[in-house]
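Before any comments, here is the structure.
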Amino acid sequence: MAAKVTLKDIAREVGLSPTSVSLVLNDRPCKISAENRRRIKEVARKKRYIPNQIARSLVTQHSQTLGLVVPNIESRFFSSLARNLELRCRERGYLLLITNSDGSKSNDTELVRLLVNRGVDGLFIVVSDELRPGHKLASMLEQLPVPYVMVDRFIEGLDCDKVGFNNEQGGYLATSYLLGRGHERVACLINKESNTGLERMAGYERALREHGIEPDPELEFHTAYYIDDAYESAKDFLKTDATAVFASSDNIALGLLKLLYAHDLRVPRDYSVVSYDNSAADSLFEPALTSIEQNSGELADAAIDLLFARLAEADAGIEPKGSVSTILRPKIVVKNSVRWL
């Protein structure tokens with residue numbers, strides 16, 4: 001394998017100092033003639049010079065990389081979020097390192113540690129679950145040497161920058177839509193072990209009460225955010241007299257539909273369904289699901305703007321005045337999975 005070309009190699013050939021060569025190749029201001037600039041770039045091209053990002057980061061104190069931790073990269077919502085963040089980071093000249101915790105709290109902590117040790121300039125963190133302040137990850141984040149933004153899910157009680165959607169409002173919109181079409185026995189499939197799920201269930205219950213219906217615990221079914229878990233939980237749902245169901249994520253909706261189709265039941269002929277995320281391709285469903293949309297592009301924009309504002313403050317030596325919490329509003333996207341009673 002040929003030896004890697006260095007700045008000294010190029011400097012030796014053009015008869016200038018390595019510092020001059022570095023300034024030209026990094027497009028930095030310098031008093032070097034146009035002819036010498038041309039010669040430096042021509043030699044660098046011929047020798048196929050590749051800048052040493054590690055060496056550059058030692059000088060600039062920036063690696064031009066950011067890290068992302070997500071709980072489940074197979075989730076349509078999180079994969080869409082990761083894609084939007086990666087595109088926006090690249091547009092700003094940054095590489096995004098994407099990691100997957102597999103929904104493990106211990107993996108959250110380990111991945112944050114690994115990314116920081118790799119020298120990332122900042123982090124986007126979607127925790128595996130909403131944790132309490134005393135958790136190991138919370139303690140680590142309080143001492144983190146780089147700025148970070150918690151996205152979509154938060155650690156309860158932790159004072160930090162965060163961006164997410166109003167989950168309570170999303171649950172309310174989904175349930176109100178079903179109630180408005182004559183359904184009075186509305187069930188929900190929801191993750192009761194996460195703050196995200198509990199907030200969506202609170203919106204579900206608020207909508208019921210506004211329509212004069214007292215929430216029935218027998219219609220509230222717990223499931224994790226995975227297709228197989230939802231499939232199992234939906235078996236108890238089939239034993240009820242509900243005519244409609246609020247499935248609080250697209251993966252949960254997929255598990256529900258898988259069970260319904262196994263029993264030769266159809267949406268909306270037999271059951272009306274409103275899903276959450278609106279991130280699954282319509283081609284997966286027949287008919288297309290009415291869903292609560294959390295626009296991953298909008299979420300990525302808010303997270304990017306906040307983190308890069310923190311990076312700019314750090315470069316300028318400005319002490320942050322306080323944490324920022326940005327809560328976005330979801331909306332309902334009406335399709336064909338709900339029928340009028």
Side-chain angles (χ1 to χ4, degrees), residues 1 4-7 10 21-28 41 44-45 47-102 104 107-128 137 140-141 144-153 160-164 279 295-316 320 324 326:
M1 181 181 292
K4 185 174 181 179
V5 177
T6 67
L7 289 173
I10 298 172
V21 172
S22 175
L23 290 171
V24 170
L25 293 180
N26 287 292
D27 294 319
R28 308 285 291 182
K41 291 186 176 182
R45 184 186 64 79
K47 289 183 174 291
R48 298 183 179 180
Y49 169 72
I50 299 174
N52 187 330
Q53 181 60 45
I54 296 176
R56 182 184 298 175
S57 68
L58 292 175
V59 176
T60 64
Q61 296 299 301
H62 290 295
S63 66
Q64 297 298 113
T65 60
L66 300 171
L68 168 65
V69 180
V70 294
N72 178 15
I73 198 64
E74 292 182 340
S75 159
R76 291 157 185 80
F77 176 70
F78 290 132
S79 61
S80 178
L81 174 64
R83 177 180 179 274
N84 277 286
L85 285 172
E86 193 278 329
L87 287 172
R88 286 155 175 76
C89 286
R90 196 157 15 113
E91 287 170 356
R92 300 191 185 211
Y94 277 73
L95 172 70
L96 182 67
L97 303 178
I98 301 171
T99 63
N100 178 68
S101 71
D102 280 327
S104 164
N107 284 348
D108 284 340
T109 305
E110 179 64 12
L111 289 172
V112 168
R113 184 188 68 80
L114 286 172
L115 288 168
V116 171
N117 287 346
R118 289 276 179 172
V120 297
D121 296 328
L123 287 168
F124 302 102
I125 303 171
V126 187
V127 291
S128 59
L137 176 60
M140 175 187 287
L141 293 178
L144 212 60
V146 297
Y148 69 93
V149 176
M150 302 211 79
V151 185
D152 185 58
R153 300 177 180 179
C160 66
D161 292 331
K162 60 190 71 170
V163 176
S279 58
N295 188 294
S296 59
E298 185 181 355
L299 186 64
D301 282 335
I304 285 278
D305 289 345
L306 183 49
L307 185 57
F308 274 89
R310 293 306 192 198
L311 292 172
E313 288 177 349
D315 285 344
V324 174
T326 303

I'd like to check [X] versus [Y] (side-chain heavy atoms, cut-off strictly below 4.5 Å). Are they in contact?
X    : Y    : value
L144 : L123 : yes
V163 : L306 : yes
L137 : V127 : yes
K41  : V24  : yes
I125 : L141 : yes
S101 : S128 : yes

Mind running side chain to side chain contact (heavy atoms under 4.5 Å, CB included) on T109 and L111 for me, showing each step along the way?
CA-CA 6 Å; T109 305; L111 289 172; over 6 Å; no
Treating [X] as the side-chain partner and [Y] as the backbone partner, does any N or O pair qualify as donor plus acceptor under 3.5 Å?
X    : Y   : answer
S80  : F77 : no
T99  : L68 : yes
D121 : S63 : yes

Say you draw a straight line from [atom1] of [X] to [atom2] of [Y]; how long is it, rounded to the nearest 0.5 Å?
X    : Y    : atom1 : atom2 : answer
D152 : K162 : CG    : NZ    : 12.5 Å
E110 : N117 : CD    : CG    : 8.5 Å
K47  : T6   : NZ    : OG1   : 9.0 Å
I304 : E91  : CD1   : CD    : 9.0 Å
S22  : L7   : OG    : CG    : 5.5 Å
R153 : D108 : CZ    : CG    : 9.5 Å

Minimum heavy-atom separation for [X] and [Y], please, with both atom names.
X    : Y    : result
P145 : V116 : CG-CG1, 3.9 Å
G119 : T65  : O-OG1, 4.1 Å
A82  : L96  : O-CD2, 4.1 Å
V126 : P71  : O-CD, 3.5 Å
Q64  : G93  : NE2-O, 3.2 Å
L299 : G164 : CD1-CA, 3.9 Å

Sorted by chain and residue number, the salt bridge (charged side-chain N to carboxylate O under 4.0 Å, His left out) partners of R118 (sequence neighbours excluded) come out as none
Sequence neighbours left out, what passes salt bridge (charged side-chain N to carboxylate O under 4.0 Å, His left out) with R88? Give chain and number order.
D301
Of L97, L311, L95, L115, which meets side chain to side chain contact (heavy atoms under 4.5 Å, CB included) against L66?
L311
How far apart are the C-alpha atoms of E74 and N100, what are their side-chain angles, what is the distance that settles it, and do they pass the side chain to side chain contact (heavy atoms under 4.5 Å, CB included) test?
CA-CA 9 Å; E74 292 182 340; N100 178 68; over 6 Å; no
Between F124 and V69, does the side chain to side chain contact (heavy atoms under 4.5 Å, CB included) criterion hold? Intermediate values first, please.
CA-CA 6 Å; F124 302 102; V69 180; over 6 Å; no
From CA spacing to verdict: side chain to side chain contact (heavy atoms under 4.5 Å, CB included), I98, L85:
CA-CA 10 Å; I98 301 171; L85 285 172; over 6 Å; no
